[in-house]
There are 2 protein chains.
Amino acid sequence: MRTLKYAILGLINREAMTGYDLSKVFNKDLVNFWYANHSQIYPELKKLTAEGLITYEIVLQGEKLEKKLYSITDIGQQDLFAWLATIDPLEPTPKDIFRLKAFFMESLPAQTILDHFESQLSQRLEKVAKLENTMSTQACNLKKSSKISPEFCDYLVLKGAIMREKTYISWLKECIAEIGESS
Amino acid sequence: MRTLKYAILGLINREAMTGYDLSKVFNKDLVNFWYANHSQIYPELKKLTAEGLITYEIVLQGEKLEKKLYSITDIGQQDLFAWLATIDPLEPTPKDIFRLKAFFMESLPAQTILDHFESQLSQRLEKVAKLENTMSTQACNLKKSSKISPEFCDYLVLKGAIMREKTYISWLKECIAEIGESS
DNA sequence: TATAAACATGTATATATTGACATGTATATA
DNA sequence: TATATACATGTCAATATATACATGTTTATA
């Protein structure tokens, strides 16, 4: 479905960027719903350039270091907007290795099962703490923008990520409680 | 990471199955956290057989139709249990095309944005209704098994799936409300 | 008894993704 | 000024996944 294509177009549409910049954004701002390695990004940039959806100019960093600053073309923008406007059917539920393991865990000793859930719980607690920290640091710039803006979208998806993590945590706690009762 | 391998081993460990059976189970019981097409399953079964982790016997269905009934070997079970016992670091957050689109949506007219969220909301409401129906139909067999059992695991992951969907729905509703305020 | 739906098993091709390999520059700091 | 870290761009090989192609049997039902 070329989702990476649109993720890149969407970012470059916001602001001209290098492949390196894209890589950073994917693994920071977008990491809660999309990500990609640089080994995927650079070939895709090449492809999008060949397709005429983006162009680049070479910018010098220091004396010698050349970086490619990509911007979106008119065709690229049309393509992006057409994709954005399309309403999709529901995606398949995301895969989740922990849930898969949990599904089969019954063959393990009760204490090992609890260890799994406790480990997952502490990792998720740490993660949600980081997300909430981001939210409180950025909340001023984000929510107060009372019009629909990039910052407003940042805020909405960050809120969604926090809600998702908190629910995962609630589930883990309920599982731990029920396993305690059952064993 | 060969997750499909362990998904298959886990299922065959519960009960001997054909590739066709596995395909059905993936797209019914496991669909809320794992799935695979038959075009992935059959080659993997071949590979696992070659690796000595499973074996099959040919069973006749009617007069001519041969099906392969797979069972797990001792080595397969050891491999499965070793995987089950391993505690993993947190997986990267699952990708989500709708959230990605939402992140870039700000360039669209407010009404189109709302249409996206409303469509997603009604699709998710339908989905959670189905999940809750499954839960109420199967709840008797599931929860009442007061010991840790396959049915108990089924119950736990189904509950998790319902919680996840409900949170997605809450997020969508909050987004719709906030977009209403902002536009 | 014709027919559709479900059962049953594969392969082929294209795309997506990961992790390793490979190279070199610029900048901050010890 | 040595050194580590971040900046910057690529390729390659292996794995994973999706979609289409391909074939044949059995069972329920109209």
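Keep in mind that this is a model prediction, so the values were computed, not measured. Here is the naming used below: chain letters follow the sequence lines, and residue numbers restart at 1 for every chain. Side-chain atoms are counted along with the backbone in the values below, which use heavy atoms only and exclude waters and symmetry mates.
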Is the closest basic N to carboxylate O distance between [X] and [Y] below 4.0 Å?
X	Y	value
A:Asp21	A:Lys67	no
B:Lys101	A:Asp88	yes
B:Asp154	B:Arg14	yes
B:Lys159	A:Glu178	yes

Problem set entry | Positions of residues 36-43 of chain B (non-hydrogen atom under 4.0 Å from DNA chain D), listed by number | B:Asn37, B:Ser39, B:Gln40

For [N], give its Watson-Crick or G-U wobble partner with both distances under 3.5 Å, or none.
N	result
C:dA26	D:dT5
C:dT1	D:dA30
D:dA13	C:dT18

For this session: Answer with base, sugar-phosphate or nothing: what part of the nucleic acid does A:Lys95 contact at a heavy-atom distance below 4.0 Å?
Result: sugar-phosphate

For this session: Could you tell me whether A:Tyr35 contacts a base, only the sugar-phosphate backbone, or nothing, with contacts defined as non-hydrogen atoms closer than 4.0 Å?
Result: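 It contacts sugar-phosphate atoms only.
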
Over how many whole Å does the gap from [X] atom [atom1] to [N] atom [atom2] extend?
X	N	atom1	atom2	value
B:Lys46	C:dG10	NZ	P	7 Å
A:Leu45	D:dT9	CG	P	9 Å
B:Lys47	C:dT11	NZ	C1'	17 Å
A:Lys64	D:dT9	NZ	C1'	16 Å
A:Tyr20	D:dC7	OH	C1'	5 Å
B:Ile58	C:dA8	CD1	P	14 Å
A:Lys24	D:dA6	NZ	P	11 Å
A:Met17	D:dC7	CE	C1'	16 Å

Exercise. Does A:Gln61 have a side-chain nitrogen or oxygen under 4.0 Å from the phosphate oxygens OP1 or OP2 of D:dA8?
Worked result: yes

For this session: Give a yes/no answer on whether the side chain of B:Thr18 brings an N or O atom under 4.0 Å of OP1 or OP2 in C:dT9.
Result: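 Looking at the OP1 and OP2 atoms of C:dT9, one of them is under 4.0 Å from a side-chain N or O of B:Thr18.
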
Exercise. Nearest nucleotide by nearest heavy atom, which residue falls closer to the 5' end of DNA chain C, A:Trp34 or A:Glu63?
Worked result: A:Trp34

Exercise. Hey, which of these two, A:Leu65 or B:Tyr70, hits DNA chain C nearer its 5' end, going by closest nucleotide?
Worked result: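 With A:Leu65 and B:Tyr70 compared, the 5'-side residue is B:Tyr70.
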
Seminar exercise, completed: Of C:dA16, D:dC7, C:dG10, the nucleotide closest to the side chain of B:Lys68 is C:dG10

Problem set entry | Residues B:Asp115 and B:Gln111: side-chain donor-acceptor under 3.5 angstrom | yes

For this session: Classify the side-chain pair B:Ser136/B:Glu132 by whether it contains a donor and acceptor separated by less than 3.5 Å.
Result: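 No donor-acceptor contact under 3.5 Å links the two side chains.
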
For this session: Check whether the ring centres of A:Tyr35 and A:Phe26 lie less than 6.0 Å apart, and answer yes or no.
Result: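 No, the ring centres sit 6.0 Å or more apart.
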
Exercise. Is the distance between the ring centroids of B:Phe98 and B:Phe117 under 6.0 Å?
Worked result: yes

